[in-house]
Amino acid sequence: MGDCCQAKSCQTEQLARRQRGVLQIVLAVNGVMFAVELSAGLWASSLSLTGDSLDMLGDAVVYAGSLFVVGAGASAKAKSAILKGSIMATTAVAVAARALWQVFHPAAPESALMAIFGTLALVANLYCLWLLTRHKEDDINMSSIWLCSRNDIVANTSVLAAAAVVALVSSPWPDLLVGMGLTVLFARSAFGVLRSATEQLKSPDGVPQS
């Protein structure tokens, strides 16, 4: 029995080390890409690119928080997931506010800049998703992180689509529509993460109710 418990403890520690290593990498990637994409979004006057940069910032904060609960109990991980959901919801509000401002100050964004930096962000997020996929079933901490990363791919693809349409029609509306769509995506994901985390906190065994 002692050997069995020792082996399980060793496996848990090894898993925690692998999770920390992955989280440190994706934290660095998202931190750098937030600064790059925000600058590009403001430069290009692109709502979708700016919204995507705010998502990068939210993810960076999420990954930093997740590092503190790697190897912790179910309650700590659920509380971390609640923080993530709250950050995702705040991101949705921020993008919605920016969208409202641009509705009253319409200007066609620079489609070439949108395409260049949207592609760069997509490559960065595909790398992060690849790193996180092997850990998405580990626990609620890692599964909620994987969900954030998956949303990033959808957002990046939408930015590139908006850039293509803006280049064709020279109108700000494709960019605005994508930005508004990202708001809905962030809000829905935030609701899902918050619901799962709340259910886990209420469950006596730390497992969400089905």
Side-chain angles (χ1 to χ4, degrees), residues 23 25-65 83-132 145-191 193:
L23 288 172
I25 293 172
V26 296
L27 170 59
V29 170
N30 277 265
V32 170
M33 285 307 304
F34 159 67
V36 170
E37 235 185 335
L38 178 61
S39 300
L42 296 175
W43 184 16
S45 299
S46 169
L47 174 65
S48 58
L49 206 56
T50 303
D52 198 34
S53 75
L54 292 176
D55 186 38
M56 288 282 195
L57 174 62
D59 286 349
V61 175
V62 163
Y63 299 146
L83 173 62
K84 297 169 198 174
S86 300
I87 291 172
M88 292 165 72
T90 302
T91 300
V93 172
V95 177
R98 174 73 180 182
L100 183 62
W101 185 88
Q102 289 198 208
V103 165
F104 293 101
H105 302 83
E110 296 288 338
S111 58
L113 291 175
M114 290 175 63
I116 291 170
F117 289 98
T119 300
L120 181 61
L122 177 61
V123 171
N125 281 319
L126 283 171
Y127 175 62
C128 291
L129 185 66
W130 176 72
L131 289 175
L132 291 167
I145 290 172
W146 181 86
L147 179 60
C148 292
S149 186
R150 187 201 64 181
N151 286 348
D152 292 341
I153 304 302
V154 177
N156 297 150
T157 304
S158 300
V159 170
L160 292 176
V165 179
V166 167
L168 288 175
V169 301
S170 299
S171 168
W173 286 105
D175 180 59
L176 283 171
L177 290 173
V178 168
M180 293 173 184
L182 291 178
T183 301
V184 175
L185 175 65
F186 298 156
R188 289 185 61 184
S189 296
F191 175 76
V193 170

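One finds the CG atom of N156 at 6.5 Å from the CD atom of E37 (value rounded to the nearest 0.5 Å). Considering OG1 of T157 and CG of D152, their distance stands at 10.5 Å, rounded to 0.5 Å. The CE atom of M56 sits 3.5 Å away from the CG atom of N125 when rounded to the nearest 0.5 Å. The distance from the CG atom of L120 to the CE atom of M33 is 4.0 Å, given to the nearest 0.5 Å. The structure places CG of D52 at 13.0 Å from CZ of F117, a figure rounded to the nearest 0.5 Å. Interatomic distance, CG of L49 versus CG of L113, reported as 8.5 Å (0.5 Å rounding).
P109 and S45 make their closest contact through CB-O, 3.3 Å (heavy atoms, listed as atom of the first residue, atom of the second, distance). Minimum heavy-atom separation, A60 to L27: O-CD1, 3.0 Å. Of all non-hydrogen atoms in C128 and S149, the two that sit nearest each other are C-OG, 3.9 Å. Nearest heavy-atom pair across A115 and A163 is N-CB, 3.9 Å. What you find for V166 and S171 is that their closest heavy atoms are CG2-O, 3.5 Å. Between L129 and W146 the shortest heavy-atom distance is CD1-NE1, 3.4 Å.
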What do the steps show when you test N30 against F34 for side-chain contact (heavy atoms from CB on, under 4.5 Å), and what is the final call?
CA-CA 6 Å; N30 277 265; F34 159 67; over 6 Å; no
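When atom types are taken as modelled, the side chain of S53 and the backbone of T50 share a donor-acceptor pair closer than 3.5 angstrom.
The side-chain hydrogen bond (donor to acceptor under 3.5 Å, both in side chains) test applied to D175 returns S46, S48, not counting sequence neighbours.
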